[in-house]
Amino acid sequence: MKILTSLILSVMLSGSAAAADYGMAGCGLGSIVAHELHWSDNMAQIFVATSNGTAGSQTFGITSGTSNCGSAASPSVRGKVLGQKKAERTVYLHYNLAQVRADAARGDGEYIAGLADLFGCRNQLTGSYVGFASMSQRRHESLFNSNDAKVVQANFERALSQDNLACG
Amino acid sequence: MRAALGAAARLLCLVILADGSALAGESELALSPAWLRALYYVPHSLGRTAGLVATPGFYLATTGRDDPQQELAATLAAFRAQVPAKADDHALCRFPRRRQLIAAAMPELAASWPVVACTAYRDWREAFPVEGASLVFSSNYLNNPSSMYGHTFLRLQRGNGTSQHGSDLLDYAVNFAANPDTANPLLYAAYGVSGRFFGGFSLMPYYLKVQEYANAESRDLWEYPLRLDGAGLDALMATLWEVGPHGIRYWYLDENCSFVLLAVIAAADPTITAADKFPLVVAPKDTVAALWRQGALGEPKRRLSAHSRLTLRRQALSADEASLLVRQIGAAKLLPEVAALPPASRTRVLDALLEWIAYDEKLAGTRRSEKHQQLWEDTLASRAATPGSSPLVVTDGVHLSRPDDGPSSQRVALGIDNVAGQGTDALIGFRFALHDLASPPIGYAKDQEITMGDFQLRAHRQSGGRYAVVPESFTLLRILSIPAFDRVTGAFAWTLTLGSERRLDTDGDAWLMHRLEGGAGIALDLLGGRIYAIPVIIVGRLNPATAQPGLGAGLRSGWTMSPTPRLQCGLRADSDRSSDAPVQPWWRLSAFASVAVTTQQELRFEAFKQAAQPWGTLAVWFRYL
């Protein structure tokens, strides 16, 4: 019955059941942000970036990108990449730059909140990130003077230092 | 000597009893729902139970995919095995979910297992600290056939990686999807529905799924928290670790992404029986509803699509501001009138403008504005120079039907059709999916009709008084999308239909028309409802006198409204004409009213008149499965 019903409706399908045809990430964060890759072609590669060096790739590295990284079950180096906020910030900025820019211009929004978290700029007691958001709005032009996530990240680091915001 | 013999006999009895007890425990566990679900055994035809996982290494016994008891025995043997040089390869490390179950059911066995440092699993758990999980439903996406019914995936709430107020975007997503190995559309279709593709799991930052669905494809997300306690979450992570590296054959209709996610959830919580209830077709919406009915889900949170966010921003505008927005979107640069607005007003217009550009250009991920590059930059600069935030507050202004609400997607139909002077016929029908616009819109989009696999038969009374069963209609696919025309979003109405239907020729004789038709038109809000008119081009058998394909044109129009959520009524007027001159034009007028009697039952009345036929009435009772 399954096959029968399947065949009946088979002509309806022409799209992709998977989200996208993922490309190869190479290995590690550098290979991702060094190229101007469109997110939809490389969604799985973000995982390569964030899990590279952790044992997580054993479990979920099913997509093509992971197999490009040598041993899928490479020994764990806890926190080597995922725990490194700096790397995670770069990836986050790379894949959310348009929304982060819009939120920063508005002075609020969940994308700027996510970045505040990654910079450790949210008050853990109150949940407030207003200082970070205000700074992002005030310094919008200089913060987003590039579409390169690494440059934007460096701009943020410099601005946070200059404004002496309580982050870390 | 006798004492020694007695002691030996007692010892033997104890051993036998212990072994018997262990065997009984094994048998009990092997047939328990917990074991069956943790190993992804699902019911198949003829009462057979078989495992979903299709790649080697998941089932340890040779017959393990079909035999839960053999698989348990093989698992126990593997757990007792000597620890290899690479400890993480030991079964105790590879199968933590089975380890949990066996240790709980037969703790005496667990005491005899070797001590293994499962470093990889431990590190993975620490690398992905999780304090909650949600089932996420991504709403229908008409532009991709494989997404027309929506999609489900898991969100794992990040634990101590950030503060307790951490952003949801930094959570993780677990997705199951087919990994197609062909680009040929026909092969793709055939493989997709016949289980030829393997599906795989992937884990990624949640923001990537949000980018994909909410931003690039403008699909609203519903995030339902799973009611899992600490042990349940532990079990969820354990089963993901076990099954994550493996492939599962992907059947588009039933053993698809949503079904597999149900199985994952049931593997973590054996009390979840929702996966047992889908014999034919599994629509993502139905899986959400099944879990909801079972109490496995908490109240959902809405994450708005780009279109919904734009709608909310526009609702905040005054009439003058809305008018200015319309003028602005036609300009390449920011208009001076916008910059001259008072700050509060300027904020509203600029925020709406940012949402519009993001929606119009599908700005997501690394995609940059191209069509409106200067306007995007101008708007950002102007907005940043206007202090103050304007958080988007989710209100009821955006109507979104909860996926757990409303009837299921499949239905059977029974009807009585009476045409003046021609007697009464009976109708029987079955529809695989999903929703038509003559039904109350509970649980479905109010402006989208997606019908797939809709069969209808007519029991027609012949002159001798006997009934003959003839096909009434078979709709392979029908899409009718009637969003109200909008100059800001560019929304327009369109339709696509592939199927056959019974028609009457000028003599009143029935014939079967086969056709593919499609067209684009306009829909407007009018008289408390939605009115639409869509010219269509038709290709197919349009002449009853010949089986040759022909070309035609027609108009599909109507008006629908919902006076109450449980009632839908409206008018429909369809007409078409073949390019074959001798063929008479065809038309049909109807007025209908549909009442949701219960969640799963609907009653529909219709009065209709079509070419070569007097007025008739139809009463149909639907039972959603």
Side-chain angles (χ1 to χ4, degrees), chain A residues 1-3 5-19 36-40 43-44 46-47 50 54-56 58-60 62-63 73 76 78 82-83 92 94-99 101-102 104-111 113-114 117-118 122 124 127 133 137 140-141 147, chain B residues 119-120 123-124 126-128 144-146 162-167 169-170 177-180 185 188-190 192-194 200-205 207-208 211-212 216 240-241 244-245 250 252-254 280 351 354 358 363-368 380-381 383-384 388-391 452-453 476-477:
Chain A
M1 187 61 186
K2 178 191 292 181
I3 293 176
T5 53
S6 296
L7 289 176
I8 289 170
L9 301 178
S10 65
V11 296
M12 308 318 311
L13 283 175
S14 60
S16 170
E36 282 304 319
L37 303 172
H38 188 266
W39 73 276
S40 63
M43 285 204 308
I46 193 78
F47 175 69
T50 54
T54 77
Q58 174 183 328
T59 298
F60 291 108
I62 310 305
T63 46
S76 169
R78 269 178 289 159
L82 189 69
Y92 180 85
H94 183 71
Y95 283 92
N96 297 290
L97 193 55
Q99 283 72 30
R101 282 194 75 184
R106 293 189 187 103
D108 199 5
E110 65 175 343
Y111 287 89
D117 283 331
L118 292 176
R122 188 195 288 261
Q124 295 205 17
Q137 188 178 41
H140 191 274
E141 187 177 356
N147 275 317
Chain B
T119 313
D123 290 349
W124 181 73
E126 289 182 12
F128 292 93
N144 185 340
S146 64
T162 58
S163 73
Q164 58 179 316
H165 302 285
S167 168
L169 292 173
L170 301 179
N179 292 321
Y188 182 91
V193 295
S194 60
F201 292 90
S202 52
L203 172 63
M204 64 193 79
Y207 57 74
L208 284 181
Q211 290 282 18
E212 178 186 5
L240 286 172
W241 176 260
Y250 190 99
Y252 176 69
L253 291 177
D254 53 3
L280 202 58
D351 284 345
L354 287 173
L363 291 187
T366 56
R367 178 169 289 171
R368 296 170 188 163
L380 285 170
R383 181 64 184 88
S389 63
S390 55
M452 187 183 274
L476 202 56
L477 174 70

- line: Among A381(B), A358(B), A384(B), the residue with the most heavy-atom pairs under 4.5 Å to chain A is A384(B)

CG on L170(B) to CG on L118(A), rounded to 0.5 Å: 4.5 Å

message: How long is the straight-line distance from CG of L354(B) back to CZ of R101(A), given to the nearest 0.5 Å?
response: 10.0 Å

query: L169(B) versus chain A, heavy atoms under 4.5 Å apart: side chain, backbone, both or neither?
result: side chain

field: Whether Q137(A) side chain and A104(A) backbone form a donor-acceptor pair below 3.5 Å
entry: no

Any R383(B) side-chain heavy atom under 4.5 Å of H140(A) side chain: no

field: Part of E141(A) lying under 4.5 Å from any heavy atom of chain B
entry: neither

